[in-house]
**Q** 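Pasting a structure here, questions to come.
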Number of protein chains: 2
Amino acid sequence: MVQVHKRSAPARKAARRPATPRQAAARKSPLDALLDPDLFKALCDPTRVSLLACLAKCGRACSVGEVAECCRVDLSVVSRHLSQLADAGVLGSTKQGRTVFYRVRFTGLSDKLRALADAIDACCPDGACGEGRGKGGCCG
Amino acid sequence: MVQVHKRSAPARKAARRPATPRQAAARKSPLDALLDPDLFKALCDPTRVSLLACLAKCGRACSVGEVAECCRVDLSVVSRHLSQLADAGVLGSTKQGRTVFYRVRFTGLSDKLRALADAIDACCPDGACGEGRGKGGCCG
DNA sequence: TGTGTACTTGCACCATAATGCAAGTATTGG
DNA sequence: CCAATACTTGCATTATGGTGCAAGTACACA
């Protein structure tokens with residue numbers, strides 16, 4: 001009885017754009033969750049990124065000691081970086097005896113990136129983006 | 001005379017995986033360019049990310065003053081953050097009189113994220129990822 | 001139980017970066 | 001030309017983060 005008529009009211013569904021940035025900030029969007037500073041914080045350091053690239057290219061789980069031979073920083077630094085990447089969900093870790101193996105969580109990472117890309121496209125207004133993008137699911 | 005025979009040698013085509021992370025680091029990959037710390041550095045600060053989300057949800061170009069009403073930091077801080085996001089290619093800017101408008105570069109950003117996601121998937125070994133992923137174009 | 005290996009943690013140091021305030025620049029309108 | 005607007009920049013402060021060294025913990029093996 002409340003939401004039956006679906007054409008006369010202009011402001012229904014697909015939640016129109018907020019008029020001002022201030023109002024926009026108040027709106028909840030998938031973006032808010034996906035645009036997670038903590039993930040990017042993990043990826044914003046050159047050393048950390050090189051370790052990630054190293055592990056990705058290697059394609060298998062590697063020990064801290066092995067990875068440490070990729071770059072010039074101290075092993076303790078590598079240990080901390082890998083741990084940070086794991087905290088961010090970018091790497092997974094397994095302990096086997098006294099050796100810790102880190103591996104890239106490929107699908108977890110790429111899925112997250114694609115979800116973010118989709119959420120961004122969904123915010124793209126009207127015809128400003130390619131076909132299939134900007135289909136309005138931006139603002140809650 | 002050195003590299004003629006192409007079948008007896010086991011190491012041909014589709015560049016097999018490096019044995020160690022150390023060797024992996026030496027290999028060039030699309031990942032190396034796409035995994036750009038500078039982009040992530042732009043996105044690793046909470047205030048900056050909230051400004052980006054604000055602009056994205058708003059969907060149009062906004063002035064610095066408008067955007068500054070989204071959050072509690074000083075306008076000068078907002079100005080610097082927006083300028084940083086523009087430097088990273090995340091935002092575009094237009095000056096109109098004394099007003100500067102920033103807008104999200106939607107497709108530029110989402111394309112970059114998807115390209116990275118693809119490059120990551122390409123590094124995923126064998127059947128470890130979903131179908132269509134991990135098709136080996138990882139190591140140069 | 002002791003020794004060596006593999007990694008982690010505490011600590012101090014240094015570099016970078018975020019922030020606010022105040023002053024400066026650019027542009028518009030009277 | 002002067003005043004107001006819209007932003008940017010310089011500067012000092014504070015916070016955060018990366019790094020190396022040294023010490024600590026966890027585990028395996030003899």
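In this text, all values refer to a predicted model and were calculated from it rather than measured experimentally.
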**Q** Going by heavy atoms closer than 4.0 Å, what residues in residues 85-94 of chain A are next to DNA chain C?
**A** none
**Q** Sequence neighbours excluded, which residues qualify as side chain to side chain contact (heavy atoms under 4.5 Å, CB included) partners of B:T47?
**A** B:D45, B:C71, B:V73, B:H81
**Q** How about B:C139 and B:P18: do any of their side-chain heavy atoms sit closer than 4.5 Å?
**A** yes
**Q** Describe the nucleic acid contact of A:S63 in one word from base, sugar-phosphate, nothing, applying a heavy-atom distance below 4.0 Å.
**A** sugar-phosphate
**Q** With a 4.0 Å cut-off on heavy atoms, is B:T47 in touch with a base, just the backbone sugar-phosphate, or nothing at all?
**A** sugar-phosphate
**Q** Apply side-chain contact (heavy atoms from CB on, under 4.5 Å) to A:Y102 and A:V64, showing your working.
**A** CA-CA 7 Å; A:Y102 283 97; A:V64 177; 3.7 Å; yes
**Q** Would you call B:S110 and A:R133 a side-chain contact if the rule is heavy atoms closer than 4.5 Å?
**A** yes
**Q** Quick one: on DNA chain D, does B:F101 or A:Q96 contact a more 5' nucleotide (nearest heavy atom)?
**A** B:F101
**Q** Do side-chain atoms of B:R105 reach the backbone of B:V90 as a donor and acceptor pair under 3.5 angstrom?
**A** no
**Q** Can you confirm whether A:P21 sits close enough to B:C62 that some side-chain heavy atom of one is under 4.5 Å from a side-chain heavy atom of the other?
**A** yes
**Q** Less than 4.0 angstrom from a charged side-chain N to a carboxylate O is my criterion; do B:D32 and A:K57 meet it?
**A** yes
**Q** side-chain contact (heavy atoms from CB on, under 4.5 Å) between A:R60 and A:R103: does it pass, once the steps are laid out?
**A** CA-CA 6 Å; A:R60 58 172 177 80; A:R103 70 195 177 287; over 6 Å; no
**Q** Would you say B:H81 places a side-chain N or O within less than 4.0 Å of OP1 or OP2 belonging to C:dA17?
**A** no
**Q** Would you say A:C54 and B:Q23 make side-chain contact, with heavy atoms under 4.5 Å?
**A** no
**Q** Is B:C138 close enough to B:C123 that their SG atoms are under 2.5 Å apart?
**A** yes
**Q** Test of understanding: with side-chain hydrogen bond (donor to acceptor under 3.5 Å, both in side chains), list the residues that count as partners of B:D36, not counting sequence neighbours.
**A** none
**Q** From CG of B:L43 over to P of C:dA17, roughly how many Å is that when rounded to an integer?
**A** 15 Å
**Q** Go through DNA chain D in 5' to 3' direction and return only the first and the last nucleotide with some atom under 4.0 Å of chain B's heavy atoms.
**A** D:dA4 to D:dC11
**Q** Could you check how far NZ of A:K41 sits from C1' of C:dT16, rounded to whole Å?
**A** 14 Å
**Q** At a heavy-atom distance below 4.0 Å, what parts of residues 48-59 of chain A sit against DNA chain C?
**A** none
**Q** Just to be sure I understand the geometry, which residues of residues 67-78 of chain B put a non-hydrogen atom under 4.0 Å away from DNA chain C?
**A** B:V73, B:D74, B:S76, B:V77
**Q** Strictly distance-based, threshold 3.5 Å: is any side-chain N or O of A:E66 a donor or acceptor partner for the main-chain N or O of A:S63?
**A** yes
**Q** When hydrophobic residues are tied together by side-chain contacts of less than 4.5 Å, even through go-betweens, does A:L43 share a cluster with A:L34?
**A** yes
**Q** Could you tell me how far apart B:D45 (CG) and C:dT16 (C1') are, to the nearest whole angstrom?
**A** 13 Å
**Q** If you find the nucleotide of DNA chain C closest to A:E66 and the one closest to A:R98, which residue's nucleotide is nearer the 5' end?
**A** A:R98
